[in-house]
A.B. asks: 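Take a look at this one; I'll ask things after.
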Amino acid sequence: MRFYFAPLEGISGFVVRNAFAHHFPYMDRYFTPFIPAAKRMNKKILRDLDLQNNQGITLVPQLIGNQAGEFLDMAGKLADMGFSCVNLNLGCPSGTVVSKKRGAGLLAYPGELDQFLGEIMEKCPIAVSVKTRIGMETEEEWDILCGIFAKYPFEEVIIHPRVRADFYQNKPRLAAFAKAVEKISVPLCYNGDIETVEDYRKITELFPTVDRIMIGRGLLANPGLVGEILGKPKASKTQIGAWHDEILEGCLVLFPGERDVVFHMKEIWFYLIRFFPEKERLLKQMKKCQSLTEYRLIVQQIIS
Ligand SMILES: Cc1cc2nc3c(=O)[nH]c(=O)nc-3n(C[C@H](O)[C@H](O)[C@H](O)COP(=O)(O)O)c2cc1C
């Protein structure tokens, strides 16, 4: 089985990726948070992609967009930087993204999607993979979309089997994923709600031909999850502490002010607190805290 760390905008930058690679080195691939294809490669994007910042990490850049010219332009730059694959985001449910027919928004226009895919697949200088939801409003949309995805020689198709209207609610729609297994011949990757070894077992038993799994939130809630799946012991508090400290130190170098660092770390704790269920009452305190000193004290109370 191959394990992929899901792109998590605002969280899974190179600092977090490195902390995984150093403390829980079980991931086969990491994906960058989405990069707008319409944008220029600014300093922040370049820093996140820099091979120096991603040593020992197999990184796949993810683009979001709906204009073939922009996508190909950006893919060309990624090729020049040494990347051999680019991922297309067709899943982002955010209102501002969807309203521009990007992310999951493009799924509502199968004709335009097909044309866009046709053009990028014909001209892209590097391999293309997609990460998609199964529709905008209802599961019925998946039949047509699945037929479109089945036409192209993608490197792989990563499916988060929810529709956009689900956002992160409801359960992954496994019948839709099963349809993809039937119809799409390129490698398929399952993504969605894998939070325990049991969840992993259930999915792999249901879909024995699937040889790649992507996990996002489950890895923030339990950074050692893939290790556990591979038969290693549950991560210790010391390991989690070391992983956390590497992220904190990295953020202190990266962000201009302590408040930005605390804000970033709180986003991780929104998930990580589940590793410490007996300390959940401290999350409220964490949410209110503004200073680094206070933050460190709360973390000490949670982890010790
Ligand atoms: C905070 C957050 C940010 C995300 N950012 C991205 C992103 O940049 N690109 C993307 O394809 N998916 C993004 N996703 C979706 C995840 O990659 C993943 O598909 C989703 O969380 C379901 O997987 P999980 O249940 O294992 O977390 C994001 C999800 C969350 C919660």
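Read the numbers this way: they start at 1 and go in the same order the structure lists the ligands and their atoms. If you're wondering where the values come from, they're calculated on a predicted model, not measured in any experiment.
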A.B. asks: Would you mind running through ligand 1 and noting each atom that sits below 4.0 Å from a heavy atom of Y271?
C.D. replies: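 So the answer, numbered in order with elements, is 31 (C).
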A.B. asks: Please state which protein non-hydrogen atom is closest to atom 8 (O) of ligand 1 and give its distance, to 0.1 Å?
C.D. replies: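 Minimum-distance protein heavy atom for atom 8 (O) of ligand 1 reads F34 N, 3.1 Å.
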A.B. asks: Relative to the ring of Y4, is the ring of F31 parallel (under 30°), tilted (30 to 60°) or perpendicular (over 60°)?
C.D. replies: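 Ring orientation of F31 relative to Y4: tilted.
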A.B. asks: Show which atoms of ligand 1 fall inside a sub-4.0 Å distance from at least one heavy-atom site of G192.
C.D. replies: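 Going through ligand 1 atom by atom, the ones under 4.0 Å from G192 are 23 (O), 25 (O).
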A.B. asks: Enumerate the atoms of ligand 1 whose separation from the nearest heavy atom of Y168 is less than 4.0 angstrom.
C.D. replies: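 Result: 14 (N), 15 (C), 20 (C), 21 (O), 28 (C), 29 (C), 30 (C).
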A.B. asks: Among K131, R217, R162, which one has a heavy atom closest to atom 27 (O) of ligand 1?
C.D. replies: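 Closest candidate by heavy-atom distance is R217.
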A.B. asks: Return the residue, atom name and 0.1 Å-rounded distance of the protein heavy atom closest to atom 5 (N) of ligand 1.
C.D. replies: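 Answer, as residue, atom name and distance: E9 N, 2.7 Å.
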A.B. asks: Answer side chain, backbone, both or neither: which part of L8 comes under 4.0 Å from ligand 1, heavy atoms only.
C.D. replies: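 Both backbone and side chain of L8 come within 4.0 Å of ligand 1.
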A.B. asks: Nearest non-hydrogen contact with atom 26 (O) of ligand 1 belongs to which option: C92, G216, P7?
C.D. replies: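 Considering heavy atoms of C92, G216, P7, the nearest to atom 26 (O) of ligand 1 sits in G216.
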A.B. asks: Determine the minimum heavy-atom distance between L174 and L206, stating which atoms define it.
C.D. replies: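 It is CD1-CD1, 3.6 Å.
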A.B. asks: First locate atom CG of L230, then atom OH of Y200, and finally report the distance between them rounded to the nearest 0.5 Å.
C.D. replies: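 Rounded to the nearest 0.5 Å, the CG-OH separation comes to 7.5 Å.
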A.B. asks: I want to check a possible cation-pi pair here: R133 against Y168, using under 6.0 Å from ring centre and within 45° of the ring axis as the test.
C.D. replies: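 Judged by the rule (NZ or CZ under 6.0 Å from the ring centre, within 45° of its axis), R133 counts as positioned above Y168.
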A.B. asks: Is it true that the side chains of D48 and T32 contain a donor and an acceptor less than 3.5 Å apart?
C.D. replies: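 Note: D48 and T32 side chains miss the donor-acceptor criterion.
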A.B. asks: Applying a heavy-atom cut-off of 4.0 Å, say which part of D193 lies close to ligand 1: side chain, backbone, both or neither.
C.D. replies: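 Under 4.0 Å from ligand 1, D193 contributes backbone and side-chain atoms.
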A.B. asks: What is the ring orientation for F5 with F20, classed by angle as parallel under 30°, tilted 30 to 60°, or perpendicular over 60°?
C.D. replies: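 The rings of F5 and F20 sit tilted, inter-plane angle from 30° to 60°.
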A.B. asks: What's the spacing between E246 CD and W243 CH2 if we round to 0.5 Å?
C.D. replies: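 If we round to the nearest 0.5 Å, E246:CD and W243:CH2 are 10.5 Å apart.
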A.B. asks: Under a 4.0 angstrom heavy-atom cut-off, which atoms of ligand 1 come close to A6?
C.D. replies: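 In order of number, 17 (O).
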A.B. asks: Indicate, as side chain, backbone, both or neither, the part of Q62 found under 4.0 angstrom from ligand 1 when only non-hydrogen atoms are considered.
C.D. replies: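 Only the side chain of Q62 comes within reach of ligand 1.
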A.B. asks: Just say parallel, tilted or perpendicular for the rings of W269 and F276, cut-offs at 30° and 60°.
C.D. replies: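 Plane angle between 30° and 60°, so tilted.
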A.B. asks: Check I64, V98, L106 against C92 for a side chain to side chain contact (heavy atoms under 4.5 Å, CB included) and give me the one that passes.
C.D. replies: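 One option only clears the test, and that one is I64.
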A.B. asks: For atom 23 (O) of ligand 1, find the nearest protein heavy atom and state the residue, atom name and distance (0.1 Å precision).
C.D. replies: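 Minimum-distance protein heavy atom for atom 23 (O) of ligand 1 reads N191 ND2, 3.0 Å.
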A.B. asks: Would you mind listing which atoms of ligand 1 come within a distance below 4.0 Å of any non-hydrogen atom of N89?
C.D. replies: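 Numbered from 1, ligand 1 contributes 9 (N), 10 (C), 11 (O).
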A.B. asks: P33 heavy atoms, cut-off 4.0 Å: which ligand 1 atoms fall inside?
C.D. replies: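 Under 4.0 Å from P33, ligand 1 has these atoms: 8 (O).
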A.B. asks: Relative to ligand 1, is H160 under 4.0 angstrom through side chain, backbone, both or neither, heavy atoms considered?
C.D. replies: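 The answer is the side chain.
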A.B. asks: Would you mind listing which atoms of ligand 1 come within a distance below 4.0 Å of any non-hydrogen atom of I215?
C.D. replies: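 Answer for ligand 1: 26 (O).
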A.B. asks: Give me the atom names and distance for the closest heavy-atom approach of R17 to N54.
C.D. replies: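 Looking at all heavy atoms of both residues, the closest pair is NH2-OD1, 2.8 Å.
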